[in-house]
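Encoded as structure tokens, the structure appears first; notes follow it.
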Amino acid sequence: MNTRSKIELSPEDIARFGNDPTTTFAANLKAVQARIATACHRSGRPPDDVRLLPVTKTVPAHILRLAHATGISDFGENKLQEARDKQATLSDLPIRWSIIGHLQTNKVKYLVRLATEFHALDSFRLAEELNRRLDALDRDLDVFVQVNTSGEESKYGLHPADLMPFVARLSEYPRLKPRGLMTLAIFSADHERVRTCFRLLRGLRDRAVTAHASLTQLSMGMSGDFEMAIEEGADVVRVGQAIFGPRPTTNAFYWPGIIPSSTNQDVEDSS
Ligand SMILES: *Cc1c(COP(=O)(O)O)cnc(C)c1O
């Protein structure tokens, strides 16, 4: 039986995702994969060098069912509450949930139950609490240490100067399996400024890996800048809008204080 026929699209769904989201997502996914392959080729890297993490935030759970039908099974979510709600609705599907946004310590207990990886580790307090809660469940968690490479106050993550002292103590948290570093580049039309963020993270990784051997990967690059991130060495790119279309929420909803990007100007529904 066709999955598509089981799902009723509301007028809002159709306005945002079109009449046939499954076909649209599949085509967008293919286009993004092709762009990843081209960027890899340009950088002398094999195309399977880069992992695509689809970012599903704001896409409703019933629409994500259609995305899953196209073969997308890794879902990146910025906010834990939203991930929890969706996970509850989609618990019949084999989905890997990645939490990619800033986490408050009091939410750790929910994260450890649902996430397969966490991209925004940025404090000892969080590391401590994650380790404690994971230990209680007798499980490990893949983590990326988030670094603020843009110098913008609105962005979360460790200051670059604080990274090495942080890395030096990661082995105190045996339930955390550090995989690499994560960053959000500056939102700027000036490509060189964006590239500088990615280069900075790469340089930091090259140092961090000498202190903690498993910190090899770079999680960097979004819809607007993933090709540049790949050129600068990204191993994981986190891509939402290029697959699922523009979001109704502004970037400032995720990173308070920033100027909304030009690709994402719609104001959040205040109803
Ligand atoms: C939303 C988000 C992304 C993806 O952004 P797009 O513009 O949708 O590609 C990447 N990383 C993080 C941390 C995000 O919150």
Side-chain angles (χ1 to χ4, degrees), residues 16-17 21 24-25 28-29 31-33 35-36 39 50-60 63-64 67 72 74-84 86 96-104 107 111 115-122 126 142-150 152 154-158 179-189 191 194 197-198 201 217-230 232 234-266 268:
R16 181 170 169 193
F17 302 106
T24 305
F25 297 159
N28 290 349
L29 184 66
V32 168
Q33 282 163 339
R35 286 167 62 190
I36 290 173
V50 175
R51 172 161 71 103
L52 170 63
L53 173 59
V55 175
T56 49
K57 69 191 189 207
T58 78
V59 182
I63 300 291
L64 287 180
I72 298 175
D74 288 300
F75 289 12
E77 288 283 339
N78 183 293
K79 290 181 185 283
L80 193 69
Q81 185 58 51
E82 185 177 339
R84 282 182 73 198
K86 289 178 182 172
R96 290 167 37 91
W97 297 92
S98 293
I99 301 300
I100 59 175
H102 178 72
L103 186 72
Q104 288 166 328
K107 302 268 174 67
L111 180 136
T116 53
E117 62 179 9
F118 177 49
H119 285 240
L121 179 64
D122 63 357
L126 202 48
D142 287 349
V143 294
F144 289 76
V145 179
Q146 185 174 354
V147 182
N148 181 343
T149 54
S150 67
E152 294 165 290
S154 59
K155 299 273 173 68
Y156 297 108
L158 292 172
R179 296 297 175 218
L181 306 182
M182 178 275 220
T183 203
L184 288 149
I186 192 165
F187 296 117
S188 168
H191 288 187
V194 176
C197 295
F198 295 142
L201 196 73
Q217 296 183 36
L218 296 170
S219 168
M220 59 187 196
M222 311 171 36
S223 292
D225 57 21
F226 69 86
E227 285 144 312
M228 201 187 293
I230 290 169
E232 297 301 333
D235 299 282
V236 184
V237 292
R238 311 176 307 268
V239 178
Q241 299 181 85
I243 301 171
F244 301 109
R247 273 186 297 274
T249 47
T250 66
N251 282 330
F253 181 62
Y254 299 96
W255 306 288
I258 72 158
I259 301 154
S261 80
S262 55
T263 56
N264 201 2
Q265 270 172 345
D266 296 351
E268 202 186 331

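Each ligand, and each atom within it, is numbered from 1 in the order the structure gives.
- With a heavy-atom cut-off of 4.0 Å, H119 does not touch ligand 1 at all.
- Between E117 and R179, none of the side-chain N atoms (NZ, or NE/NH1/NH2) sits under 4.0 Å from a carboxylate O, so this pair counts as no salt bridge.
- Those atoms of ligand 1 that come under 4.0 Å of a heavy atom in V239, given as number and element, are 9 (O).
- Close approach of ligand 1 to G240 (heavy-atom distance below 4.0 Å) involves ligand atoms 4 (C), 6 (P), 8 (O), 9 (O).
- You'll find the ring centres of F25 and F244 inside the 6.0 Å limit.
- In this structure, the protein non-hydrogen atom closest to atom 11 (N) of ligand 1 is R238 NE, 2.9 Å.
- Each of V55, L52, V59 was scored for a side chain to side chain contact (heavy atoms under 4.5 Å, CB included) with I243, with one residue passing: L52.
- Interface atoms of ligand 1 facing R247, defined by a heavy-atom separation under 4.0 Å, are 1 (C), 5 (O), 6 (P), 7 (O), 8 (O).
- Among all protein heavy atoms, the one lying closest to atom 9 (O) of ligand 1 is S223 OG, 2.5 Å.
- Between the side chains of T56 and E77, at least one donor N or O lies within less than 3.5 Å of an accepting N or O.
- For atom 7 (O) of ligand 1, the closest non-hydrogen atom of the protein is Q241 NE2, 2.9 Å.
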Note to self: For a side chain to side chain contact (heavy atoms under 4.5 Å, CB included) check, start with the C-alpha distance between F144 and L121, then their side-chain angles and the critical distance, and finish with the verdict.
What the structure shows: CA-CA 6 Å; F144 289 76; L121 179 64; over 6 Å; no

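- Within ligand 1, counting atoms from 1 as listed, the ones closer than 4.0 Å to a heavy atom of M222 are 3 (C), 4 (C), 5 (O), 7 (O), 9 (O), 10 (C).
- Contacts with ligand 1 closer than 4.0 Å are made by heavy atoms of both the backbone and the side chain of I100.
- Counting protein heavy atoms only, atom 14 (C) of ligand 1 is closest to K57 NZ, 3.0 Å.
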Item checked: S223/R247 under side-chain hydrogen bond (donor to acceptor under 3.5 Å, both in side chains): CA gap, chis, key distance, verdict -> CA-CA 12 Å; S223 292; R247 273 186 297 274; over 6 Å; no

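- The distance from atom CG of L218 to atom CD of E232, rounded to the nearest 0.5 Å, is 10.0 Å.
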